[in-house]
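We count ligands from 1, going down the list as the structure has it; atoms in each ligand are counted the same way.
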Amino acid sequence: MSKKLTFLILSGPTKEYIDPVRYISNESSGKMGLALAGYAVKKGYKVIFISGGVKKYPKRVELVKVTTALEMLKASKFNLQRADIIISVAAVADYRPAKFQKHKIKKSGNSILLKLKKNPDIVKYCGENKSDQVVVGFALETQNLLTNAKLKLKSKKLDLIVANGRDSFGYDKTTVHLMSSDSIIKIENRSKKFIAGKIIDETVRIFENIKSFKKNA
Ligand code: CTP
């Protein structure tokens, strides 16, 4: 019997604190992450689940709770080599405040400037540092969906990218394209649970292909 596969799933939004009571974040519900973990666990795979701030967490996973993008990167680096398949559906904030203010910023003039600093690209780090692993990202696009998703697939060295439009945020049903370097599978208006199942099955198929290619090389 083959070894039990381990998934590393990054999910949920990150929060980037400006001061002790204010932060930058986004609307990610973490539903797709939950659905991915749920299906993978049901299939008998091991799941390490790194999650930004959401209200619900999956059951029967190794849970790592994080807040910021930097914490998510650290946890991902720590767990990367333990996983066979890495999926990032996390809505990582692209920027964080350049400086965290230790005390609540007091109201003063009519406007204030907030300087932001770029966060590291976590799934890109995984793509660039993978061995015989499968790395999967999501692409959220409001225009040129397939072209932009393809660019992300290449630049982040991913094996698969799930391209979706803005309508995926918070809703249960959505339309996605699963894109690899040589194929596109469109899944139209299906539940996140259904789509999650297709993604997990597709990543296992890619993983098995890589393994048998290596064996026969
Ligand atoms: N991602 C990441 N680290 C970041 C930003 C994004 O790991 N700092 C991952 C997401 O989890 C997703 C993929 O990269 O799997 C694409 O995220 P997306 O928000 O669509 O794109 P960005 O790379 O942030 O680019 P842009 O915002 O310019 O579209």
Side-chain angles (χ1 to χ4, degrees), residues 7-17 23-37 40 47-54 58 64-80 83 85-98 116-130 133-171 174-181 184 192 195-196 198-200 202-203 206:
F7 280 79
L8 175 62
I9 300 177
L10 319 183
S11 181
T14 66
K15 279 183 185 173
E16 311 296 332
Y17 275 86
Y23 57 79
I24 298 169
S25 194
N26 57 67
E27 290 287 344
S28 170
S29 64
K31 279 184 185 168
M32 182 58 92
L34 270 177
L36 287 164
V47 176
I48 306 164
F49 194 82
I50 302 178
S51 181
V54 287
V64 184
K65 290 187 191 176
V66 296
T67 303
T68 67
L70 291 181
E71 286 171 12
M72 189 173 274
L73 176 68
K74 194 174 165 198
S76 303
K77 283 183 175 176
F78 186 78
N79 287 292
L80 183 61
I85 298 171
I86 298 100
I87 305 179
S88 177
V89 63
V92 184
D94 287 332
Y95 293 89
R96 67 179 181 276
L116 301 177
K117 196 173 169 188
K118 204 178 206 174
N119 265 332
D121 193 313
I122 302 168
V123 82
K124 187 171 184 208
Y125 174 87
C126 297
E128 285 173 345
N129 290 281
K130 68 186 171 191
Q133 296 153 299
V134 173
V135 180
V136 181
F138 277 66
L140 177 69
E141 307 293 343
T142 55
Q143 55 185 347
N144 305 326
L145 179 69
L146 298 185
T147 314
N148 286 341
K150 190 114 201 181
L151 286 173
K152 284 178 187 169
L153 177 79
K154 274 198 181 162
S155 68
K156 300 185 192 224
K157 300 205 180 337
L158 306 177
D159 299 279
L160 187 76
I161 193 150
V162 183
N164 51 184
R166 200 191 175 287
D167 66 342
S168 66
F169 251 50
Y171 292 95
T174 186
T175 295
V176 300
H177 293 79
L178 308 193
M179 300 174 73
S180 65
S181 59
I184 301 183
K192 288 190 177 173
I195 293 168
K198 291 281 172 209
I199 294 169
I200 297 287
E202 184 62 12
T203 58
I206 297 172

With Lys150 via side-chain hydrogen bond (donor to acceptor under 3.5 Å, both in side chains) - residues at least two apart: none

Donor-acceptor side-chain pairing of Thr14 and Glu16 below 3.5 angstrom: yes

Cation-pi, Tyr95 ring and Lys117 (6.0 angstrom, 45 degrees): no

Amino acids contacting ligand 1, non-hydrogen cut-off under 4.0 Å: Ser88, Ala90, Val92, Asp94, Pro120, Asp121, Ile122, Val123, Gly137, Phe138, Ala139, Leu140, Lys152, Lys156

Expected output: side-chain Lys74 to main-chain Ala69 donor-acceptor under 3.5 Å: no

Contacts of Asn129 that satisfy side-chain hydrogen bond (donor to acceptor under 3.5 Å, both in side chains) - sequence neighbours left out: none

Partners passing side-chain hydrogen bond (donor to acceptor under 3.5 Å, both in side chains) against Lys124 (at least two apart in sequence or in another chain): none

